[in-house]
Novice: 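First, the structure itself, so that you have it in front of you.
Just follow the structure's listing: the first ligand is 1, and inside any ligand the first atom is 1.
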Amino acid sequence: MTMDKKKYDEVLAAFSISDDELQKISADFEAEMQAGLEGEDSTLRMLRSYVALPTGKEIGDFLALDFGGTNVRALHILLHGGGRYQVIKKAAKPLTEPGVYDYVSESATAEEMFDFLAELIDEAIESNRSTTYLLGHTFSFPSVQTDLYNAKLITWTKEFATQGVEGRVVNDLLKEALARRGARNVIPVAVINDTVATLLAAAYKKPNAYIGSIYATGQNTCYFEEFTDGSETPTVINMESGGFGKLRPTKYDRHIDETSEKPGAQHLEKMVSGRYLGEIYGEALADILGKAAPFSFTSIDLSTIVADAYLDRHEAAAILEEKTGEKFNALELNLLQDLAGVIIARSARLVAATFAGIVRHRAHGAEIKEQHIAIDGSVYEKMPLVAENLKKALADLLGDEAEKIHIVLENTGSALGAALAAAMTVEG
Ligand code: BGC
């Protein structure tokens, strides 16, 4: 295969973001936050979560349902206080089992999906019908809330398409499914977004955690809004930052958007999250090779391609050959590895721009304080180049002040956070 180097350079340039452009994106993000908070037109939903940060004194026995990605988990958790907890029982299952079932496609109904969740919860409580359990539900989709229980799904994201859930109060659906199963002793009391769960879990364990983020199949961030002007009660805000739209998409991003389940929505998410990174690479590579149809790569393929440190790049070569049917020489393999790196770096830089925007918003023009940003998700945890690019971009954006921002992995968040939210309803 001979690659058109000029075309390759053009594609690479389209994915690069200069420091100046990144600053502008970060400033636009901060402005969109403010507009969204004030109820003005904004691509950020700024959804109120009706929950503050835990005190660290939350204790007791709770159930947690973690629902929002490819796997669902139900856990029975004992909170000991002071950041300590114990998982008593855990049940986990994928939402899709190829050839067997698929609860996220358009052909699945809300009842089928929530019956599946109820079954998993039942497994976590070992079919106990005599103890009353309060359940916290991490539901990782944009939901509009009126209180901690009442969360109505606005719209599916991450290519979920199950019928009959949009517009519904998700905990009502869960309650009905639990009743159908005879498990009325399980009482859903709280719904939180996974970003919120991550933040609550981090704040339970350490001081100065005000920002929680998910960088996985989907991408989104929440933060603790103090409403220093006294206009509202302090609360965690689920920004639905994956919807941020003041960006410069490439033609590949635009094509992915147009052919997605929800065209026109989740612009940032479609440029940065694990659900789409492989697709972006497949689109760009097809263009470089002059093919009309995009190749289908996953974000795991992308990780393998960039992680290949062998001199002959045989691991990358195997994936590239399998997906494109072409053989590449050593020089081309290096270039194609760099392309993957640039797509990943763009993702991390854009996420960093959102973080810098939130940190600045919270500082209200004063000095930035020492703080933790808690992140969960496979892209942050496992994809090569992500964590380092994120850190570097924060330094590019915030200069010396970036030293005060400590990004920490909080990978117990979705479950622990749900249990904490349930516990916080008891404390009032
Ligand atoms: C959803 C968010 C969620 C994020 C990470 C997005 O697609 O809209 O609510 O936090 O994925 O799971």
Side-chain angles (χ1 to χ4, degrees), residues 32 36 42-51 64-73 94-95 104 136-145 151-162 165-168 170-171 190-202 211-223 236-245 253 256-257 260-277 279 299 347 350-351 354-355 358 373-383 386 409-415 417-418 421:
E32 288 278 275
S42 169
T43 54
L44 296 176
R45 292 187 193 271
M46 306 300 281
L47 302 165
R48 274 65 172 169
S49 292
Y50 298 92
V51 71
L65 176 66
D66 172 17
F67 170 39
T70 32
N71 271 299
V72 190
R73 300 182 306 153
L95 279 165
V104 307
H137 181 179
T138 296
F139 181 68
S140 317
F141 300 93
S143 308
V144 59
Q145 301 198 214
K152 202 185 268 181
L153 173 63
I154 302 171
T155 174
W156 282 127
T157 55
K158 296 178 274 204
E159 310 301 305
F160 275 49
T162 316
V165 190
E166 286 173 327
R168 298 290 311 273
V170 288
N171 263 356
V191 181
I192 51 173
N193 186 256
D194 50 356
T195 57
V196 180
T198 301
L199 174 57
L200 297 187
I211 298 174
S213 189
I214 299 288
Y215 199 168
T217 309
Q219 206 278 313
N220 183 20
T221 304
C222 75
Y223 74 103
V236 177
I237 302 267
N238 166 19
M239 290 192 287
E240 286 298 325
S241 55
F244 180 58
D253 302 307
I256 287 173
D257 176 46
S260 68
E261 281 287 343
K262 303 267 171 178
Q266 299 297 93
H267 282 297
L268 175 65
E269 180 164 84
K270 287 172 185 162
M271 291 166 75
V272 303
S273 84
R275 176 63 182 74
Y276 303 96
L277 284 174
E279 278 189 36
S299 59
S347 164
L350 288 174
V351 172
T354 68
F355 289 172
I358 306 164
I373 297 181
I375 310 194
D376 192 3
S378 50
V379 174
Y380 177 72
E381 199 175 346
K382 300 202 180 115
M383 190 174 264
V386 168
L409 176 69
E410 175 46 77
N411 58 8
T412 60
S414 291

Novice: Tell me: protein heavy atom nearest atom 4 (C) of ligand 1, and distance?
Specialist: Asn220 CB, 3.7 Å
Novice: At what distance is the nearest protein heavy atom to atom 9 (O) of ligand 1, and which residue and atom is it?
Specialist: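 In this structure, atom 9 (O) of ligand 1 has Glu240 OE2, 2.5 Å as its nearest protein heavy atom.
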Novice: Should the pair Phe67 and Phe139 be assigned to parallel (<30°), tilted (30 to 60°) or perpendicular (>60°) ring geometry?
Specialist: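 Plane angle between 30° and 60°, so tilted.
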Novice: Please identify which atoms of ligand 1 are closer than 4.0 Å to at least one heavy atom of Gln266.
Specialist: 7 (O), 8 (O)
Novice: Would you call Gly242 a ligand 1 contact, heavy-atom distance under 4.0 Å?
Specialist: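 Heavy atoms of Gly242 never come under 4.0 Å of ligand 1.
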Novice: Any side-chain donor-acceptor pair under 3.5 Å between Glu381 and Asn411?
Specialist: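 A donor-acceptor contact under 3.5 Å links the two side chains.
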Novice: Would you mind running through ligand 1 and noting each atom that sits below 4.0 Å from a heavy atom of Glu269?
Specialist: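 Within the 4.0 Å cut-off of Glu269, ligand 1 contributes 6 (C), 7 (O), 11 (O).
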Novice: Are Glu261 and Arg275 within salt-bridge range, i.e. N to O under 4.0 Å?
Specialist: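 Answer for the salt bridge query: no.
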Novice: Using a strict cut-off of 4.0 Å, indicate which atoms of ligand 1 neighbour a heavy atom of Asn193.
Specialist: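 Those qualifying, in numeric order: 2 (C), 3 (C), 9 (O), 10 (O).
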Novice: Tell me which protein heavy atom sits closest to atom 10 (O) of ligand 1, plus the residue, atom name and distance to 0.1 Å.
Specialist: Asp194 OD1, 2.6 Å
Novice: For ligand 1, which atoms sit closer than 4.0 Å to a heavy atom of Ile214?
Specialist: 5 (C), 12 (O)
Novice: Number the atoms of ligand 1 from 1 as they appear, then name those within less than 4.0 Å of a heavy atom of Phe141, with their elements.
Specialist: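 So the atoms of ligand 1 that pass are 9 (O).
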Novice: Heavy-atom distance under 4.5 Å between the side chains of Ser42 and Glu32, does that happen here?
Specialist: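 Yes, side chains in contact.
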Novice: Can you tell which of Leu44, Ile214, Thr43 makes a side-chain contact (heavy atoms from CB on, under 4.5 Å) with Ser241?
Specialist: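 Only one of Leu44, Ile214, Thr43 forms a side-chain contact (heavy atoms from CB on, under 4.5 Å) with Ser241, namely Leu44.
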Novice: Number the atoms of ligand 1 from 1 as they appear, then name those within less than 4.0 Å of a heavy atom of Ser140, with their elements.
Specialist: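 Near Ser140, the atoms of ligand 1 are 1 (C), 2 (C), 3 (C), 9 (O), 12 (O).
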Novice: List in chain and number order the residues that pass salt bridge (charged side-chain N to carboxylate O under 4.0 Å, His left out) with Asp376, two or more places apart in sequence or in another chain; answer none if no residue qualifies.
Specialist: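 Residues passing salt bridge (charged side-chain N to carboxylate O under 4.0 Å, His left out) with Asp376: none at all.
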Novice: Scan side-chain atoms only and decide if Tyr276 and Glu159 contain a donor-acceptor pair under the 3.5 Å cut-off.
Specialist: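 The criterion, which ignores hydrogens and geometry beyond distance, is satisfied for Glu159 and Tyr276.
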